[in-house]
Asker: 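Once you've had a glance at the structure underneath, I'll fire off some questions.
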Amino acid sequence: MIEFRSVNKIYNNNVAALSNINLTIGKGEFVFLVGASGAGKSTFIKALLKEVEPTSGSIFINNVNIGELKRKDVPYYRRKIGMVFQDFRLIPTLNVYENVAFAMRVIEMPSREIRRRVPTVLSMVGLSSKHKAFPHQLSGGEQQRVALARAIVNNPALLIADEPTGNLDPDTAMEIMDILNDINHAGTTILMATHAKDIVNTMRKRVIAIEKGVIVRDEQRGAYEYED
């Protein structure tokens, strides 16, 4: 699914954000990416999304070298990846149904398919009864559920979650993790960047720890084991 081959990223200030990254994430895995702020997690994700280009090395997604994608093909590549952020990034003027449907309209899905698919994913995240509500009428946990529904409505093979529980209380955070676990069990590969020690230590998934741009630990059923 994901392969980094000797990937380095050095910014103009000579800061090495990624240093000789070599790893493979298989289809259907659930992986936590952990490390302190500035460790390189954001650059790792941006490189996957082609928001930054490696200084050297190659990144492959489904055996495709994304460094060789033409500029016009990048938006289509990104549409195949689901993204969930800490700050939800919902459109405030659209209700729950419309926020999720928007992701399908962007890729020009037929209206009939939108009407079929959106209620299904809203049911998956437990928001069927809130489909007409606007973001400001929802709790933080409910907003993150909408963001999750929007991220998976187009059936992405890969879901990237960047601190998705960072603004949530512990109980709500675990509810979101339960949904992510269900999404993973349905076959979606999940890469989640997080500082949430309790979540990582409870779920015992694969843990990749990064420090100063270097992978310092890669363990199956790992723990956080990192002091900020």
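All values below come from the heavy atoms of this structure, side chains included, with hydrogens, waters and symmetry mates left out.
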Asker: Hey, could you give me each pair passing salt bridge (charged side-chain N to carboxylate O under 4.0 Å, His left out) that has a residue in residues 34-47? Not counting sequence neighbours.
Answerer: none
Asker: Could you name each residue pair satisfying side-chain hydrogen bond (donor to acceptor under 3.5 Å, both in side chains) that touches residues 176-191, not counting sequence neighbours?
Answerer: Asn181-Lys205
Asker: Between Gln144 (side chain only) and Pro164 (backbone N and O only), is there a donor and an acceptor less than 3.5 Å apart?
Answerer: yes
Asker: Could you pull out all residues at least two apart from Glu51 that satisfy salt bridge (charged side-chain N to carboxylate O under 4.0 Å, His left out)?
Answerer: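 Once residues adjacent in sequence are excluded, Glu51 has no partner under the salt bridge (charged side-chain N to carboxylate O under 4.0 Å, His left out) criterion.
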Asker: Is the number of heavy atoms from other residues, nucleotides or ligands within 6.0 Å of CG (Asn12) greater than 12?
Answerer: no
Asker: With sequence neighbours left out, write down each residue that passes salt bridge (charged side-chain N to carboxylate O under 4.0 Å, His left out) with Asp73, or none if nothing qualifies.
Answerer: none
Asker: Going through the distances and angles, do Met192 and Met177 end up as a side chain to side chain contact (heavy atoms under 4.5 Å, CB included)?
Answerer: CA-CA 10 Å; Met192 176 172 161; Met177 294 311 302; 3.5 Å; yes
Asker: Once salt bridge (charged side-chain N to carboxylate O under 4.0 Å, His left out) is applied, do any residues pair with Glu53, and if so which ones, sequence neighbours excluded?
Answerer: Lys50
Asker: Would you confirm whether Arg117, through its side chain, and Ala101, through its main-chain N or O, come within 3.5 Å as a donor-acceptor pair?
Answerer: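 Not confirmed, Arg117 side chain does not pair with Ala101 backbone.
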Asker: Do Val7 and Ile10 sit in one hydrophobic cluster, given that two such residues count as connected whenever their side-chain heavy atoms are within less than 4.5 Å of each other, even indirectly?
Answerer: no
Asker: With the 4.5 Å side-chain cut-off for hydrophobic clustering, are Ile61 and Leu49 part of the same group?
Answerer: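 Linked within one cluster.
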Asker: Verify, without hydrogens or angle tests, whether Asn154 (side chain) and Ala103 (backbone) share a donor-acceptor contact under 3.5 angstrom.
Answerer: yes
Asker: Would you indicate whether Phe60, at its atom CZ, is surrounded by more than 12 heavy atoms from other residues, nucleotides or ligands within a distance under 6.0 Å?
Answerer: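 Counting other residues, nucleotides and ligands, CZ of Phe60 exceeds 12 neighbours.
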Asker: Given 3.5 Å as the limit, does a donor-acceptor pair link the side chain of Glu142 with the main chain of Ser139, or not?
Answerer: yes
Asker: Side chain of Glu98, backbone of His131: donor and acceptor closer than 3.5 Å?
Answerer: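 Absent.
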Asker: Sequence neighbours left out, what passes side-chain contact (heavy atoms from CB on, under 4.5 Å) with Ala149? Give chain and number order.
Answerer: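 In terms of side-chain contact (heavy atoms from CB on, under 4.5 Å), with neighbours along the sequence ignored, Ala149 is linked to Val100, Val121, Leu122, Val125.
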Asker: Return the set of residues passing salt bridge (charged side-chain N to carboxylate O under 4.0 Å, His left out) with Arg115 (not counting sequence neighbours), or none when no residue passes.
Answerer: none
Asker: With the 4.5 Å side-chain cut-off for hydrophobic clustering, are Phe4 and Val52 part of the same group?
Answerer: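 Looking at the clustering, Val52 is in a separate group from Phe4.
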Asker: With sequence neighbours left out, write down each residue that passes side-chain hydrogen bond (donor to acceptor under 3.5 Å, both in side chains) with Ser56, or none if nothing qualifies.
Answerer: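 side-chain hydrogen bond (donor to acceptor under 3.5 Å, both in side chains) check on Ser56 returns Asn8.
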Asker: With sequence neighbours left out, which residue pairs that include part of residues 9-43 fulfil the ring-ring contact (aromatic ring centres under 6.0 Å, His included) condition?
Answerer: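 Applying ring-ring contact (aromatic ring centres under 6.0 Å, His included) to every pair that reaches into residues 9-43, excluding sequence neighbours, yields Phe30-Phe32.
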Asker: Do Met174 and Val34 share a hydrophobic cluster, counting only Ile, Leu, Val, Met, Phe, Trp and Tyr and linking them when any side-chain heavy atoms are less than 4.5 Å apart?
Answerer: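 Met174 clusters together with Val34.
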Asker: How would you list, by chain and number, every residue that makes a ring pair (Phe, Tyr, Trp, His ring centres under 6.0 Å) with Tyr97, sequence neighbours excluded?
Answerer: none
Asker: Under the rule for side-chain hydrogen bond (donor to acceptor under 3.5 Å, both in side chains), what residues qualify as partners of Arg206, not counting sequence neighbours?
Answerer: Glu29, Asp218
Asker: Could you state whether Leu48 and Leu23 fall into the same hydrophobic cluster, counting links through intermediate Ile, Leu, Val, Met, Phe, Trp or Tyr residues with side-chain heavy atoms under 4.5 angstrom apart?
Answerer: yes
Asker: Going by the side-chain hydrogen bond (donor to acceptor under 3.5 Å, both in side chains) test, which pairs reach into residues 156-167, not counting sequence neighbours?
Answerer: Gln86-Asn167, Glu163-His195
Asker: Given side chain to side chain contact (heavy atoms under 4.5 Å, CB included), test Ile21 with Ile59 step by step and report yes or no.
Answerer: CA-CA 10 Å; Ile21 302 296; Ile59 300 172; over 6 Å; no
Asker: Can you confirm whether Asn201 is buried at CG, in the sense that more than 12 heavy atoms of other residues, nucleotides or ligands lie under 6.0 Å from that atom?
Answerer: yes
